[in-house]
Asks: 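Structure below; questions to follow.
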2 protein chains.
Amino acid sequence: MPNENLYPLHQNLLKVCNAIQPLSDALQKAIVAQTKVIQVKRKTRLLNAGETSDAIYFIISGAARVYYLDKEGVETTSWFLFENEFLISVYSFFTGEPSFEYLETIEDCTLIMLNRGTLNELYLQYLEFNVIGRKLTEYYYIRNEKQANDLRMLTAKQRYQALFTSNPKLINRVSLGYIASYLGISQETLSRIRKQI
Amino acid sequence: MPNENLYPLHQNLLKVCNAIQPLSDALQKAIVAQTKVIQVKRKTRLLNAGETSDAIYFIISGAARVYYLDKEGVETTSWFLFENEFLISVYSFFTGEPSFEYLETIEDCTLIMLNRGTLNELYLQYLEFNVIGRKLTEYYYIRNEKQANDLRMLTAKQRYQALFTSNPKLINRVSLGYIASYLGISQETLSRIRKQI
DNA sequence: CTAAACTTTTGACAAATGTCAAAAAATGAA
DNA sequence: TTCATTTTTTGACATTTGTCAAAAGTTTAG
C-alpha cells in the first residue's frame, strides 16, 4: 500500500477509487496533483442555488448536507454526507445548469476539491477513470432509489426507523429539523415519533 | 446517417448513444451483433423479485414498469419506461444481487436485449463505452433524485400535477392504480384528486 | 460563564390521506 | 357482441400528519 505514505491526505480517496478498480500510478498522481485540500468551518455554503456547480468534494473529515428551498422558502434536506463520501450537487455538476440546491457543511470539514474541468480532463485522458465515475454514479443512484422507494412505501415512523437502523451515527450528528425534512415530515412529527420509540 | 439503413431496428438505440458521444463503427457493429431483438406481450414479467437481473432492455416500442411488493404484498410502482428508454432493475443489474423489483411490460413491446456479461465485455473492450454508461446513469440518477425530492416536498395533488405537466402522455397509457402507487398515494385518493382538477 | 441564538418538545386543533366496502364504468378475450 | 374481469369512483369514517404558538432545553460565541 504505497499510497498511504505517498499521499497521506488523499489516502482514503484513493482507497475508495482503488476499491472500485485499481488505478494506474499515473492516474493516482494526476488525481493528487489536480485536487486541492481545503478546510472549512461548519455552516459554510459551498454552493448556492442559482450558481453553477463547478466542483465535487471528497469529505476527509466532517459532515455536510444538500438542501433546497420549496416554494414557500422552507428548507428540505435531500442528502447527508460524511467521511469518505462525495459531496456534490449532482444535477448542476453533471448538466452544467444552475443549481436548485445548496451545499452546506454541518460540521467543520476537511475536503478534497476537484473541479469539473479537471474531472472532465481526467475522464478524457484516463479512460479507465470513466469506470470509477460510472460505478460511483451507480452506487449513489441505488441509494437515491432506495430513498424514493421508502418515501413512497413507508410511513413517517417506518422511515425514521429505517434511517436509524441503516445509519445510527447520523442521528447523533444531525439536528432533528434536518432529519425531519430529509424524511419528508415536519419536525414536530419527528419529535413525537422519537418519543414513542 | 448510415446507421438508419444499416441497422433499422437498432437505429434509435444507436441514436440515443451517439447523442451522448459518437460511437466508433466497430462499437456500433458490436452493439448490434451482441444484442437480440425480442417481442413480448403486455403483462410479461421480464424479471421477478428474487432473481438476479441478467439483462438490460431498450424499448423500441411499448411501455413497461418497475415495481416491487411492500411488506403486506402491495405493489408499488417505482418507474415507468417508454419508447427509447432503458428498462432495467438498476440495483440487481449493477450489484449482481437478487432483485427486490419486478420488471413487467404494460403494453406489447419490441425490445432490444443486452445481457450483463456482454455489456461488461463491451465496457472492457471499448473503454469509450463507459462514457455512455456513465452519462446514462447520471441522467437516470437526476430523474430519480427529482422524484425523491417531489415525494418529500409536494402534496399528493402537487405531485400528480407535476407528473401530468412533465409527462402528459403517461396519464393515458398507464392505469390509475399504477400511477397512484408511483406517487405514493392510494388509488382512491388519486381518483378524488383527478376529479378536483 | 452567560446571554443570545438556535433547537426540540408540547398542546390543541386542522387538514390531508388512508381504509374498507360497494357500486359504476371500462376493457378485453372468447 | 357479450360476459367475466379489471379498473375506477364513491361514501363513510379512521388515522396520520401538519400547523401554529408557546415553553423548555441546548449550544455557541463573546
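Treat the numbers as computed from the prediction; the structure is a model and nothing was measured. Here is how names work: the chains are called A, B, and so on, in the same order as the sequence lines, proteins then strands, and each is numbered from 1.
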Asks: Quickly work out the Ile171(B) CD1 to dT7(D) C1' distance and round it to whole Å.
Replies: 16 Å
Asks: For nucleotides 26-30 of chain C, list the nitrogen or oxygen atoms of the protein found under 3.5 Å from its nitrogen or oxygen atoms, one pair per line.
Replies:
none

Asks: Any side-chain heavy atom of Glu145(A) within less than 4.5 Å of one from Tyr91(B)?
Replies: yes
Asks: When you measure from the side chain of Glu188(B), which nucleotide among dA21(C), dT7(D), dT8(D) comes out closest?
Replies: dA21(C)
Asks: Would you mind telling me which of dT7(C), dT9(C), dT7(D) lies closest to the side-chain atoms of Ser175(A)?
Replies: dT7(C)
Asks: For Tyr139(B), look at atom OH and say whether over 12 heavy atoms of other residues, nucleotides or ligands are found less than 6.0 Å away.
Replies: no
Asks: Take Glu51(A) and Arg45(A), measure what salt bridge (Lys or Arg N to Asp or Glu O under 4.0 Å) needs, and give me the verdict at the end.
Replies: CA-CA 12 Å; Glu51(A) 297 173 1; Arg45(A) 203 76 66 64; over 6 Å; no
Asks: In whole angstroms, how far is the P atom of dT28(D) from the CD atom of Glu107(A)?
Replies: 11 Å
Asks: Distance check needed: dT7(C) C1' versus Asn172(A) CG, whole Å only.
Replies: 15 Å
Asks: Tyr160(B) OH to dT8(D) C1': how many Å, rounded?
Replies: 12 Å
Asks: Specify whether Tyr123(A) and Phe129(A) have parallel, tilted or perpendicular ring planes, treating 30° as the upper limit for parallel and 60° as the lower limit for perpendicular.
Replies: tilted
Asks: For a quick check under 3.5 Å, do Asn115(A) and Asp54(A) share a side-chain donor-acceptor pair by atom type?
Replies: no
Asks: For nucleotides 12-18 of chain C, just jot down a letter per nucleotide in 5' to 3' order: B, S or -, based on protein non-hydrogen atoms under 4.0 Å.
Replies: B----SB
Asks: Quick one: pull up CG in Leu13(B) and CD1 in Ile112(B) and give me the separation to the nearest 0.5 Å.
Replies: 4.5 Å
Asks: Taking OH from Tyr178(B) and C1' from dT6(D), how many angstroms apart are they, rounded to a whole number?
Replies: 10 Å
Asks: Can you check the Leu151(B) CG to dT17(D) P distance for me, whole Å?
Replies: 14 Å
Asks: Report the distance from atom CD of Gln196(A) to atom C1' of dT9(C), rounded to the nearest whole Å.
Replies: 14 Å
Asks: For the pair made of CZ in Arg173(B) and P in dT7(D), what is the distance, rounded to whole Å?
Replies: 17 Å
Asks: With salt bridge (Lys or Arg N to Asp or Glu O under 4.0 Å) as the test, pick out the partner of Glu107(A) among Arg42(A), Lys41(A), Arg173(A).
Replies: Arg173(A)
Asks: In terms of the angle between their ring planes, are Phe82(B) and Phe80(B) parallel, tilted or perpendicular, with boundaries placed at 30° and 60°?
Replies: tilted
Asks: Examine distances only and state if a side-chain atom of Ser99(B) and a backbone atom of Thr52(B) form a donor-acceptor pair shorter than 3.5 Å.
Replies: no
Asks: Does OP1 or OP2 of dT9(C) have a side-chain N or O of Lys195(A) closer than 4.0 Å?
Replies: no
